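All remarks here apply to the structure that follows.
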Amino acid sequence: MLRTHTCGELTAENVDQTATLCGWVDRIRDFGGVTFVDLRDRYGVTQVVFNPAHTKAPAELVDKLRSEFVIKVDGAVGLRPDGQANKKIATGEIEFNADQLEILNACKTPPFVPGQKDLPGEEIRLQHRYLDLRRQKMMDTLVLRNKIIKGMRDYASDHDFIDIETPILGRSTPEGARDYLVPSRVHNGTFYALPQSPQIYKQIMMIAGYDRYIQVARCFRDEDLRADRQPEFTQLDIEMSFVDSDDVTGLIDGMMEKLAKDLLGVDLKLPLPQLTYKEAMTRFGHDAPDLRFDMEIVDCTDIAKKVDFRVFRAVADGGNFVRGLNAKKGTEKYSRRGIDELTKMVQDDFGAKGLAWFRVEEDGSLFAPIAKNFKPEELDEIKARMNGEPGDLLLFIADTWEVSCKSLYSLRKRIGAEMELYDPKQMHFSWIVEFPMFDYDPNEKRWVAMHHPFTAPLAEDLDKLESAPGEVRAQAYDLVINGYEAGGGTIRIHDSETQAKVFGLLGMSDQDAQERFGFLLDALKYGAPPHGGIALGIDRVVMLFGGLDNIRDCIAFPKTQKARDEMTQAPNVVEKIQLDECGIRLKTPLKD
RNA sequence: GGCGCUGUAGCUCAAUUGGUUAGAGUACCGGACUGUCGAUCCGGUGGUUGCGGGUUCGAGUCCCGUCAGCGUCGCCA
């Protein structure tokens, strides 16, 4: 080792000891005579003092030091003079009196330094990720990430799970997200797909008798990015045999309890609350609601059926919905202009026709441009239903179930944040259960699996599988933290007949099913135990535990919204010979 | 693919609603200074206002296109 100590460990207890430190120059304070250098590494910062009266380091060498130079300093620990301790750092009681200085490596003038006040733009940070990763916040996050993964692994290990790796080069599956493809050199014209998740492999492991499997698995989905979505991401993948839904959610309850306790000092009350999908959609308009605050959706469709106001009446009579939210004390926050912005959002994002609103005035009356369309007793009924009190802002969406859910969910989320209805540090864990098995795709005119096609239906809904697929509920469960889907899983189908039936419902002929999933259907015939599992989005869990608002800050080398790596400039062109070997000719050759 | 925000010195930002030679802080370079910790003080270098068109007597500012970053909708079993 070039060093004897790190920059975070020398304290008053080490006074008079000699030591050697290595690190990066964080800051220099040059007084012409004495020069102070804040030396930084992963562990902390130590003030190094170059005093010409005592150091052997030539002044010309000390003068050369600049930000982010990598240096090695021999010296001795000394107590700082009275009144000069720096309480902001752990090593603040001492200083390191330099004897010798060696510059291990210089540093070009960096575009930004880790300690600077204003964070540079994200593009710059990603281009020079090695500099960005030197920032304390990034280090803290990656350390947190490591603790979370270690905590998960330890917990799983304590519960008899074994870690098994599954292939990265696999077979493309037609259902689900777009695959990342890898061309085969040996078999020109054929392709591997990177795994969207190790789903089938882990089911096969259950059939093979490895009844408790985990993997920290990298997954790939070639879909557009979001603040909480990356094209490659990491899941804690879990599968267990001889279990029902409660066993899986119970296991994760315990894991979350441990992580929350160990890493956040938060005591969770178990079991974590469970909400059915239907309830979540009815009360919050979404299958991953943020339950840190109230403000539930209130249905006024029955009232709308009685009123003359055409917009409400026509929607209600047409079998659609008039539902609203009460933004408590929202009239001050949302002026006419603010309401216009909310209106624009629901129109642009979800195609809502409009946003109806009422202000509850000081005298308790409802004010709104549309109020004249209502009889006084109707206004009273609306106010009573919405629990309207002076200062409240009542917002209504009159539309289809889908549009009203999306719009009200989005309004609720935005208003909750803008009106600070919750403590951003608060954490809320819950389960959403009993998802529908299928969703009808009007474009393709067929049922599609809501989760994935291996999901087992709820036993009591089995008889509806053919008669009313839309009503069949799945043995599925999503873990929701602060309004984010942090994980999801299901109990799987473990008999080939039910599996074949579900494939059929999804519009797959027997031949198709055999062609695509024959190996799974076969495996199910060779003694498949009942099994199920879950996958947790590790990047998102880190984001939520770290109180961050985007997933890129939880990943050492993330991709931009256009799925590019700003540092390496991937993806990029390849040599023609590489394409030739794979038997690929570009449709539109790139000019070089 | 749609909608929106952003793009000015290495970095973070400003430029009075289209008007003189585009400024500040910081970084960088030079100088002063032996107790600072965002050191201080003096001086200096640094700009194709992302790129390409257009409107105008005149464009950082307005319009069109384009590229990039971010947010969002679609998409993400």
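Numbers restart at 1 for each chain; the letters A, B, ... are given by sequence-line order, proteins then strands. Just so it is clear, the structure is predicted and the values come from calculations on it, not from any experiment.
- When both distances must be under 3.5 Å, the Watson-Crick or G-U wobble mate of G30(B) is C42(B).
- Rounded to whole Å, the distance from CG on Asp439(A) to C1' on C75(B) is 14 Å.
- Close to G10(B), at under 4.0 Å from its OP1 or OP2, lies no side-chain N or O of Lys108(A).
- Look at the C1' atom in both G25(B) and G69(B): the space between them is 24 Å, to the nearest Å.
- When the nucleotides G35(B), G10(B), G38(B) are ranked by their closest atom to the side chain of Asn51(A), G35(B) comes out on top.
- By the 30° and 60° cut-offs, the orientation of the rings of Phe454(A) relative to His452(A) is tilted.
- Atom-to-atom, CG of Asp30(A) to P of C42(B) comes out at 17 Å; the value is rounded to the nearest Å.
- The gap from the C1' atom of C13(B) to that of G43(B) amounts to 24 Å, rounded to the nearest Å.
- Both the sub-6.0 Å distance and the 45° axial angle are satisfied by Arg323(A) relative to the ring of Trp401(A).
- Within the nucleic acid shown, Lys117(A) comes within 4.0 Å of at least one base atom, counting heavy atoms only.
- As a whole-Å value, the separation of Tyr409(A) OH from U72(B) P is 10 Å.
- Whole-Å rounding puts the Phe220(A) CZ to C76(B) C1' distance at 16 Å.
- Regarding Arg226(A), its CZ atom lies at a distance of 10 Å from the P atom of C75(B), rounded to whole Å.
- Asp222(A) comes within 4.0 angstrom of no nucleic acid atom, judged by non-hydrogen atoms across all strands.
- Spacing between U17(B) and A59(B) at atom C1', rounded to whole Å, works out to 13 Å.
- Regarding Gln561(A), its CD atom lies at a distance of 14 Å from the C1' atom of C67(B), rounded to whole Å.
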